[in-house]
Amino acid sequence: MTYASPVFAHARPDILYDLQIVQNKFCRRAADAPWYVKNSTLHRDIELPTISKFMRDASERLFDIASNHPNPLLVEAVSYEPPPPYHFCRRPRSVLIDPPDELTIEVEKLIELNKMVTD
């Protein structure tokens, strides 16, 4: 997944949704969870980020590392302004400004709720 994240940044949202479905099925089988357990609960309990959250985190790490690299060509390649949101061409850095999907929002809410209960 880590190596393919820049490629997935160019993918259509419905393709990413299909990848999320596959990840949800793997989580459900690995946890031996019944059909009525919500996907957000599975991700919270397994502590596994959603596909979009994982890609955003991987992209942030990549751009942080590349911006501090000693090679000036690499620094110049990552220091560009993303195109406007209505632009048809998606670039890898666009994943950083995309809004999170519904499942990611729900998982993050559950994680915050668990932190508040345990504190």
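Residue indices begin at 1 and follow the sequence shown.
Remark: Lys38 engages Glu106 in a salt bridge, criterion side-chain N to carboxylate O under 4.0 Å.
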Note to self: What verdict does the salt bridge (Lys or Arg N to Asp or Glu O under 4.0 Å) test give for Arg61 and Asp57, after you've listed the backbone C-alpha separation in whole Å, the side-chain angles of each residue and the deciding distance to 0.1 Å?
What the structure shows: CA-CA 6 Å; Arg61 284 191 308 271; Asp57 293 344; 5.3 Å; no
Note to self: Could you walk me through whether Gln20 and Ser52 satisfy the side-chain contact (heavy atoms from CB on, under 4.5 Å) test, starting with their C-alpha distance in whole Å, then the side-chain angles of each, then the deciding distance to 0.1 Å, before giving a yes or no?
What the structure shows: CA-CA 8 Å; Gln20 186 61 55; Ser52 62; 5.6 Å; no
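Sorted by first then second residue, the salt bridge (charged side-chain N to carboxylate O under 4.0 Å, His left out) pairs that include residues 20-29, not counting sequence neighbours, number zero.
Between Ile111 and Glu47, the closest side-chain pair of non-hydrogen atoms is not below 4.5 Å. Put simply, the side chain of Lys53 reaches to within 4.5 Å of the side chain of Glu108, judged on heavy atoms. Side-chain atoms of Val75 and Asn71, non-hydrogen and from C-beta on, never get closer than 4.5 Å to each other.
A distance-only check finds a donor-acceptor pair linking the side chain of Gln23 to the backbone of Pro49 [under 3.5 Å]. With Thr118 contributing its side chain and Asn114 its backbone, the two residues share a donor-acceptor pair below 3.5 Å.
Note that the CD1 atom of Ile65 and the CD atom of Glu60 stand 12.0 Å from one another [nearest 0.5 Å]. The distance from atom CG of Leu103 to atom CG of Asn24, rounded to the nearest 0.5 Å, is 6.0 Å. Note that CG of Asp32 and SG of Cys27 are 13.0 Å apart. Values are rounded to the nearest 0.5 Å. The distance from atom OG of Ser40 to atom CD1 of Ile105, rounded to the nearest 0.5 Å, is 12.0 Å. Leu19 contributes atom CG, which lies 11.5 Å from atom OG1 of Thr50 (distance to the nearest 0.5 angstrom).
Other cluster members for Ile21: Tyr17, joined by side-chain heavy-atom distances under 4.5 Å among Ile, Leu, Val, Met, Phe, Trp and Tyr.
Shortest non-hydrogen contact noted between Leu110 and Thr41 is CD1-N, 4.0 Å. Summarising the geometry of Leu42 relative to Ala31, their closest heavy-atom pair is CD2-CB, 4.0 Å, with the distance given to 0.1 Å.
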